Amino acid sequence: MTDYPAPTDAGTVYDELDVPRVVNGTGTRTRVGGTRIRPAAVAAMERAAGSFAMIEDLQARASRAIADATGAPAGYVVTGAAAGLTMATAACMAGGDPAAMDQLPAAEGLPDEVVMPLVHSNAYDRALRAAGAQIVPVGTNDRHLGAGASSLEPWEIRAAIGERTAAVVLVPRGDLPLEPVIEVARSEDIPVVIDAAGLLPPRRNLSRFVDLGADLVVFSGGKGIRGPQSTGMIAGRHDLIASIAAQHLDMDAMASTWDPPTTLLDSGAFDGVPRHGIGRGFKVGKEELAGFIRALEGFVDGDDNADYADWDARARRIGERLTDDGFAVDYPGGDRDAVVTTVAVTVDPDRTGVTARKLVSTLVQEDPRVVVGDRDIAAGRVAVDPRSLTDVEADYLVDRVRANCPGIDG
Ligand SMILES: *Cc1c(COP(=O)(O)O)cnc(C)c1O
């Protein structure tokens, strides 16, 4: 394992920039900096910075790597899964038509509806709307509320699909079976886009949604893959990936000399050069592309069980030390649905002398900041995700939790 600086070491770039460092007990959350990039990816980024390659050649190479990893015909690197959702939607709306591409996000005359199970709706719906689409929710939330028997029936999907439907979008989670939805969409000839941003590992998910019949599958590069934080990948159909490329690549090119790799994009299919598309503001640099390709290779070469065992051991090390200090601890996750073993720590103010809320806000004010999960704060619990902690950082985190509980001796 790479030697990372201990929380008490001075002299990191953040110290030099006078920005507080973070001991990250939240896993891969974007606002805490995402993941620790694989060392081979960091090295590739540094070397990529020193010389040049055409972005379209790098994207064509990435397409091969993504195809190999997922079993999809093609792939493309974007600036994160959120950008991937915008680009996937734009591709489903505009297809191969440069005039339609040029018009987005104005959607007049284009298929502009994205059909989505109500139970899959989430804050990243915004990324679909950013392409100019509107969301058509289907089904009910009854099951979630403990009332009804099902969230979605096939007839509801079929009834929601019409002339204006651009895509069906799914965000696999919970217990909604994907197969019936995909089957209806395919029978209506509507592309299926799957947001699988955070669903790696398990590594079998690389190919699972492609195998189920999805036309485009979107993954984060900066979560389980441990690539650059500002990357994501889209795996899927050649024609849709070509549309994404045409709407994302820089188009400052002369028609007479524009010659991108045909495996990515067929310039002969266009009567001239498309204008900069809706994705031009999400550009991916040569450093991110080189780093992402190496990170994906590293992820593919890795082993789920080794990752799970590593996280589980670190979670238990944290949990056992906190148990010794008198905290009630349990270990959610580490199962099929949530592969990471996490540590849920109950903070009993009568014993600790501090509420969970106060503890979290005190830890985050320290230097270095210690950031722990606060989603269960209302129930008096804090959570620690082991993935972005070294063992030294894990021990430091436990020490700081204890030091901020005046009710606990020494
Ligand atoms: C993390 C996440 C995203 C956003 O991914 P980025 O790579 O950070 O853009 C989108 N959808 C879901 C379900 C996610 O978990």
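These numbers were taken from a predicted model, which means no experiment stands behind them. Remember, it's 1-based here, ligands and their atoms both numbered in the order they're listed. Reckoned from all heavy atoms, side chains included, excluding hydrogens, waters and symmetry mates.
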Checklist line | Pairs meeting criterion side chain to side chain donor-acceptor pair (under 3.5 Å) with involvement of residues 90-118, two or more places apart | finding: Asp112-Gln134, Asp112-Arg164
Notebook entry, point to check: Parallel, tilted or perpendicular for Phe209 and Phe219, by the 30°/60° rule?
Noted result: tilted
Going by atom type alone, with no hydrogens or angles, which donor-acceptor pairs under 3.5 Å involve a side-chain atom of residues 330-340 and a protein atom two or more places apart or on another chain?
unit_1: Asp335; atom_1: OD1; unit_2: Asp337; atom_2: N; d: 3.1
unit_1: Asp335; atom_1: OD1; unit_2: Ala338; atom_2: N; d: 2.8

Note to self: Testing the 3.5 Å rule here: is there a donor-acceptor pair between the side chains of Arg158 and Ser187?
What the structure shows: yes
Write out each pair where an N or O from ligand 1 and one from the protein are under 3.5 Å apart, with the distance.
unit_1: ligand 1; atom_1: 5 (O); unit_2: Ser220; atom_2: OG; d: 3.1
unit_1: ligand 1; atom_1: 7 (O); unit_2: Ala81; atom_2: N; d: 2.8
unit_1: ligand 1; atom_1: 7 (O); unit_2: Ser220; atom_2: OG; d: 2.7
unit_1: ligand 1; atom_1: 9 (O); unit_2: Ala81; atom_2: N; d: 3.1
unit_1: ligand 1; atom_1: 9 (O); unit_2: Ala82; atom_2: N; d: 2.9
unit_1: ligand 1; atom_1: 11 (N); unit_2: Asp195; atom_2: OD1; d: 3.4
unit_1: ligand 1; atom_1: 11 (N); unit_2: Asp195; atom_2: OD2; d: 2.7
unit_1: ligand 1; atom_1: 15 (O); unit_2: Lys223; atom_2: NZ; d: 2.8

Notebook entry, point to check: Is a salt bridge present between Arg280 and Asp250, judged by a nitrogen-to-oxygen distance below 4.0 Å?
Noted result: yes
For residues 144-154, which side-chain N or O atoms pair as donor and acceptor with protein atoms under 3.5 Å away, sequence neighbours left out?
unit_1: Ser150; atom_1: OG; unit_2: Glu153; atom_2: OE2; d: 2.5

